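First comes the structure, then the notes that go with it.
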Amino acid sequence: MSEQKLRLDGGAHQIPAIWQPGAPAVLLVHGTNGSKDDVGGLLRRLAHALAARGVGSLRIDLPGCGESDLPQSACTITSQVADVTTAFRWLSARPETTGVGVLGFSQGAFVTAQATTAITPDALAVWSPMSRVGDFFTELHEIAKRDGSAPMPPSPGFSPWRFGLEWFETALAARPLTALAAYTKPLFVLAAADDDLTGPAQARELFAHAGSHRAHLRVLSDADHIFNVLTDDQHKAEEAITLTADWLATTLKETP
């Protein structure tokens with residue numbers, strides 16, 4: 001079936017989404033300043049790979065991102081967790097649903113791990129995960145405390161972005177590793193060896209805290225934080241998509 005553009009009820013706002021019908025299905029959660037397609041179309045390409053394996057998907061724009069009507073200052077860890085929870089429950093309530101997985105990319109991994117305090121996916125996958133507020137954000141936090149917000153350093157493939165002060169406050173208050181320690185269903189962690197943003201170290205930290213006895217860690221060699229998707233050579237991006245789509249399809253179809 002073809003993709004459908006939706007607006008989910010997020011309470012005081014609408015959540016832009018694209019629904020690829022299918023069961024089981026996976027909620028795809030982008031990272032900082034991303035969108036439901038995300039950089040290089042990675043999440044759109046993953047959705048198509050899942051569809052080819054008989055798995056549906058729901059891609060959303062988090063607050064202040066993509067087609068969201070909210071300002072960037074509305075993007076906090078708390079508001080993102082709330083929208084992920086709403087989208088997951090929408091998927092779970094579908095009459096055809098046989099199992100629901102979640103994938104979080106970069107900061108989206110931090111958010112989805114934190115969200116497991118409210119939801120329990122049948123399978124959880126994370127790409128280039130952020131497991132904590134690292135040194136990268138320390139200087140930005142100081143700027144935000146002074147100015148009320150802080151600009152994300154320019155990055156190819158992304159539009160300008162400012163972190164509101166509340167983003168830092170809610171990120172520092174979050175406990176995604178503690179949440180993940182209580183999550184016992186299957187987990188797939190995919191990291192990139194040449195990631196200079198979160199680095200494979202944060203992926204290993206997240207994996208080490210996993211409460212799941214069915215947790216798998218894979219580190220792609222010669223790949224950056226976004227799996228080289230903005231280069232001419234798409235082999236690593238395709239490898240990430242294939243590995244993840246295969247794992248999600250196999251794991252979810254084993255769900256009782």
Side-chain angles (χ1 to χ4, degrees), residues 1 18-31 36 38 42-60 84-85 87-106 108-131 176-177 179-192 200 203-220 223 227 236-256:
M1 296 180 67
I18 293 181
W19 165 232
Q20 173 69 61
V26 182
L27 172 62
L28 306 180
V29 182
H30 64 77
K36 51 188 172 295
D38 221 337
L42 274 171
L43 294 188
R44 181 184 68 249
R45 291 162 63 178
L46 177 58
H48 294 169
L50 288 168
R53 292 161 174 78
V55 177
S57 62
L58 181 69
R59 317 196 302 271
I60 63 172
V84 166
T85 301
F88 179 86
R89 289 175 176 165
W90 182 90
L91 265 184
S92 298
R94 300 287 300 178
E96 71 272 28
T97 296
T98 57
V100 179
V102 175
L103 173 127
F105 185 12
S106 190
F110 186 97
V111 169
T112 53
Q114 183 67 27
T116 61
T117 59
I119 61 174
T120 306
D122 294 302
L124 176 62
V126 293
W127 280 355
S128 301
M130 169 183 157
S131 62
L177 297 180
L180 203 61
Y183 177 77
T184 58
K185 295 201 172 186
L187 172 69
F188 179 61
V189 181
L190 186 63
R204 292 190 176 99
E205 180 179 41
L206 185 148
F207 178 75
H209 282 77
S212 173
H213 295 295
R214 292 170 289 174
H216 305 274
L217 170 66
R218 180 76 177 265
V219 180
L220 294 188
F227 308 122
K236 291 301 174 179
E238 286 300 321
E239 185 177 2
I241 290 166
T242 300
L243 285 169
T244 308
D246 284 347
W247 183 83
L248 284 166
T250 299
T251 304
L252 288 171
K253 288 177 181 179
E254 291 173 349
T255 299

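Note that the coordinates shown come from a computational prediction; the quantities given were computed from them, not determined experimentally. Start at 1 with the first residue, then count along the sequence.
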Nearest-0.5 Å distance, [atom1] of residue [X] to [atom2] of residue [Y]:
X    : Y    : atom1 : atom2 : answer
L217 : L187 : CG    : CG    : 9.0 Å
T116 : Y183 : OG1   : OH    : 8.0 Å
L28  : R59  : CG    : CZ    : 7.0 Å
L103 : L43  : CG    : CG    : 6.5 Å
H48  : S57  : NE2   : OG    : 7.5 Å
T98  : E96  : OG1   : CD    : 8.5 Å

What heavy-atom pair brings [X] and [Y] nearest, and what distance separates the two atoms?
X    : Y    : result
G31  : D38  : N-OD2, 3.4 Å
V219 : A192 : CG1-C, 4.1 Å
G99  : L252 : C-CD2, 4.3 Å
I241 : A49  : CG2-CB, 3.6 Å

A side-chain contact here means heavy atoms from C-beta on lying under 4.5 Å apart; do [X] and [Y] qualify?
X    : Y    : answer
Q20  : L50  : no
L220 : E239 : yes
L124 : F188 : no
V126 : L206 : yes
W247 : P186 : yes
F88  : P121 : yes
D122 : K185 : yes
F227 : E238 : no

Donor-acceptor pair, side chain of T112 and main chain of A109, under 3.5 angstrom: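 Side chain of T112 to backbone of A109, a donor-acceptor pair under 3.5 Å: yes, one is there.
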Trace of the side chain to side chain contact (heavy atoms under 4.5 Å, CB included) decision for H213 with T184: CA-CA 7 Å; H213 295 295; T184 58; over 6 Å; no
Indicate yes or no: does R214 engage E254 in a salt bridge with an N to O separation below 4.0 Å.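 Between E254 and R214 there is no salt bridge, as every charged N stays at least 4.0 Å from the carboxylate O atoms.
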Quick one: do K253 and V55 satisfy side chain to side chain contact (heavy atoms under 4.5 Å, CB included)? Show the steps, please. CA-CA 9 Å; K253 288 177 181 179; V55 177; 4.1 Å; yes
Please walk me through it: do D246 and R53 pass side chain to side chain contact (heavy atoms under 4.5 Å, CB included)? CA-CA 8 Å; D246 284 347; R53 292 161 174 78; 2.6 Å; yes
Do E205 and S131 pair up side chain to side chain, a donor and an acceptor below 3.5 Å, judged on atom types alone? yes
Between W127 and T244, do the side chains contain an N or O donor and an N or O acceptor separated by less than 3.5 Å? yes
If you count the non-hydrogen atoms of other residues, nucleotides and ligands that lie under 6.0 Å from CZ in R94, is the total more than 12? yes
What's the verdict on side chain to side chain contact (heavy atoms under 4.5 Å, CB included) for V84 and L27, showing C-alpha distance, side-chain angles and the deciding distance? CA-CA 8 Å; V84 166; L27 172 62; 3.9 Å; yes
